[in-house]
Participant: 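Below: one structure in structure tokens.
In what follows, residues are counted from 1 in the order of the sequence shown.
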Amino acid sequence: MRIGLRSIAAALAVTLAGACGTPEKSSPPPVGSAPSQIQRGGTLVASVRAEPRSFNRIVARDSTTDLLTTLTQAKLVRVNRVTQDVEPWLAESWTRSDDARRYTLKLRPNVAFSDGQPFTSADVVFMFRAIYDAGTGSNLADSLTANGKKLEVSALDPLTVEIVFPDPFAAGVSLLDNLPILPRHKLEAALDAGQLANAWGLSTSPTDVVGLGPFVLKSYVPGQRMVFDRNPRYFRRAPDGQALPYLDGLILEIITDQNAELLRLEAGQLDTTETAIAPEAYAPLKRAADAGKLVMHDLGAGLNANSLWFNLKPGVFASDPRAAWLQRDELRQAISLAVDRQAFADTVYLGAAVPVYGPITPANKKWYWEGLPRPSPDREGAKKKLASIGLVDRDGDGMLEDARNRPVRFTLLTQKGRPELERACAFIRDELKNIGVTVDIVTLEASALIDRFANTGAYEAVYFSPTMTGIDPALNPDFWFSFGSAHLWNMAQETPATDWERQIDQLMARQIASPDEAERKRLFDEVQRVFAEHAPVLYFAAPRVYVAVSSRITNLAPAVSRPQTLWSAETIAVGP
């Protein structure tokens, strides 16, 4: 999961890599227009909503660092964000053993990092060592495990890697889409010294940030922009054999205010944005599209929905008199009953959204559970839930108090400068006021907000936009398993804090190991049932995904998951 980061993140389906013992190899996928029709050169200008937290994806999972990594690094395999196919990338082929646990990957020959150093199997082994290193504390570690267990990785020769899964793993090598390959020759010394967590911080010279991706970081001006040049050593070729990327360069403007971003897109100062456009931006951008200034893409309902969760870490409110009710299931169940989801979709997203009741939206046709409980708005039912834990209106003023006559009140954090998040929080506040609960909304800059819930744990409740890393639940162990670093409400538990989390752990362990797709679906339906019963995270609506880009952009393949346009930046081209 990306925390809006990677908060929650690229949404993908999965195909198993290879028949048993049978090699797989394919050419790079088609990229739209015929190569002879694609104009080379030029610079694309895009926007991001937040500063990167680091240049080091090993330790930072925010969406801007993740995008920077997509542009400057490469993976062994890639899951295509549009076709959902697993594609050979740095690994040109692989074979699988009969027990579906051992994979042998053949790496592409003659591949070099952007500084000229050759890429070999030693870099792959280094990356697994780096992310599994306890001292590093990598957020990638749990997304590269099978049932919470590490993979065994070894170099058979400079161009051959063997990866052994500890248990059968249904998603196969698609798991490796979670692994960017960073340069051993630049970072191994920091790992050996126990300093990898501090390597490639934002003060690092861009020339030291080398990689295998289509672009290299040329400059970074905090609060303003990141500038990238094409990587002349990039290994991928267009179908006609010419070098990729098509672009000479790419600029990421850092624009934290959504309205300012919209104005610059309308004015032609931006070619595209990292995220889909907000509902209130649709009308003016559609007018610009009708005038030929922009091109609009309607990608349908989204795979991810913004979400509300409470801090459920045991003991975190030990000195707080609200501890008796602030972490109770009944509070979250009451909120779910109090919020009218259709009205939420109409108000927050101006009607361009569909009501949802869990983390898997109807857009994820393979894994969505049709039997998911869909509570209707019920204020009286919500009040009864709260009364069952001692929260009632004791003085007749319409507002609830606890047993000691203290008001039922909590603080909800969200990101500043994101109108749809702020509108959502205001809607939730007003709905909860109708059942006697007071909500105080506090807006924070993205980095400060993420630090609160991901690091310090100093929060009561959050409304934010984490995104799932993959469509297949096997690719999101960091969210579903209690040990996960994106288990939002209580991250990285040593042992499950509750019986229901232990139950989900057990179901997910069986789900990711089963070779039977029907059984996997049945087990994941049960996971969603348990999740819905205890509601650790609340979901209200999944927005439709609209992408607006400059009319000079060609060869674009927009995806419903973030980043919608830049996930395959090497194949994008621009005209005059």
Participant: Could you tell me which residues satisfy side chain to side chain contact (heavy atoms under 4.5 Å, CB included) with Pro515, sequence neighbours excluded, listed by chain and number?
Facilitator: none
Participant: Give me the one residue out of Asn364, Asn476, Ile360 that meets side-chain contact (heavy atoms from CB on, under 4.5 Å) with Ile471.
Facilitator: Asn364
Participant: Can we say Arg61 and Asp66 salt-bridge, meaning some charged N sits less than 4.0 Å from an Asp/Glu carboxylate O?
Facilitator: no
Participant: Applying ring pair (Phe, Tyr, Trp, His ring centres under 6.0 Å), name anything that partners Phe344, two or more places apart in sequence or on another chain.
Facilitator: Phe427, Phe540
Participant: Between Leu331 and Phe310, is any pair of side-chain heavy atoms under 4.5 Å apart?
Facilitator: yes
Participant: Are any of the side-chain heavy atoms of Pro536 and Trp309 separated by less than 4.5 Å?
Facilitator: no
Participant: Rounded to the nearest 0.5 Å, how far does OG1 of Thr104 lie from CD of Glu162?
Facilitator: 5.0 Å
Participant: List the steps, then state whether salt bridge (Lys or Arg N to Asp or Glu O under 4.0 Å) holds for Arg332 with Asp329.
Facilitator: CA-CA 5 Å; Arg332 302 187 300 279; Asp329 288 4; 2.5 Å; yes
Participant: For the residue pair Tyr539 and Phe531, categorise the inter-ring angle as parallel (less than 30°), tilted (30 to 60°) or perpendicular (more than 60°).
Facilitator: tilted
Participant: Evaluate salt bridge (Lys or Arg N to Asp or Glu O under 4.0 Å) for Asp516 paired with Arg522, printing each intermediate quantity in order.
Facilitator: CA-CA 10 Å; Asp516 184 329; Arg522 186 193 69 79; over 6 Å; no
Participant: More than 12 heavy atoms of other residues, nucleotides or ligands under 6.0 Å from CG of Asn110: is that the case?
Facilitator: no
Participant: By side chain to side chain contact (heavy atoms under 4.5 Å, CB included), which residues pair with Arg322, not counting sequence neighbours?
Facilitator: Asp320, Trp325, Leu326, Phe410, Glu460
Participant: Does anything in residues 479-504 form a salt bridge (charged side-chain N to carboxylate O under 4.0 Å, His left out)? List the pairs, not counting sequence neighbours.
Facilitator: Asp499-Arg502
Participant: Determine which pairs satisfy salt bridge (charged side-chain N to carboxylate O under 4.0 Å, His left out) with at least one residue from residues 122-131, sequence neighbours left out, and list them in order.
Facilitator: Arg129-Glu188, Arg129-Asp192
Participant: Name the orientation class of the two ring planes belonging to Phe169 and Phe165 (parallel below 30°, tilted from 30 to 60°, perpendicular beyond 60°).
Facilitator: parallel
Participant: Would the Phe464 and Phe453 ring centres measure less than 6.0 Å apart?
Facilitator: yes
Participant: Does any part of the side chain of Val86, heavy atoms only, come nearer than 4.5 Å to the side chain of Arg78, both counted from C-beta?
Facilitator: no
Participant: Minimum heavy-atom separation for Glu533 to Gln333, with atom names?
Facilitator: O-NE2, 2.9 Å
Participant: Does Phe483 have any ring pair (Phe, Tyr, Trp, His ring centres under 6.0 Å) partners at least two apart in sequence or in another chain, and if so, which?
Facilitator: Phe481
Participant: Quick one: are Leu156 and Val161 in side-chain contact, heavy atoms under 4.5 Å?
Facilitator: no
Participant: Roughly how far, to the nearest 0.5 Å, is the OG atom of Ser465 from the CG atom of Asn306?
Facilitator: 5.0 Å
Participant: When you measure from the side chain of Gln528 to the backbone of Gly371, do you find a donor-acceptor pair of N or O atoms at a distance under 3.5 Å?
Facilitator: no
Participant: Which pair of non-hydrogen atoms, one from Trp94 and one from Glu87, has the smallest distance, and what is that distance?
Facilitator: CH2-C, 4.4 Å
Participant: Measure the shortest side-chain to side-chain distance between Leu90 and Ile181 over non-hydrogen atoms and say whether it is less than 4.5 angstrom.
Facilitator: yes
Participant: Quick one: do Lys521 and Glu519 make a salt bridge, cutoff under 4.0 Å?
Facilitator: no
Participant: With a 4.5 Å heavy-atom cut-off, do Leu475 and Asp177 have their side chains touching?
Facilitator: no
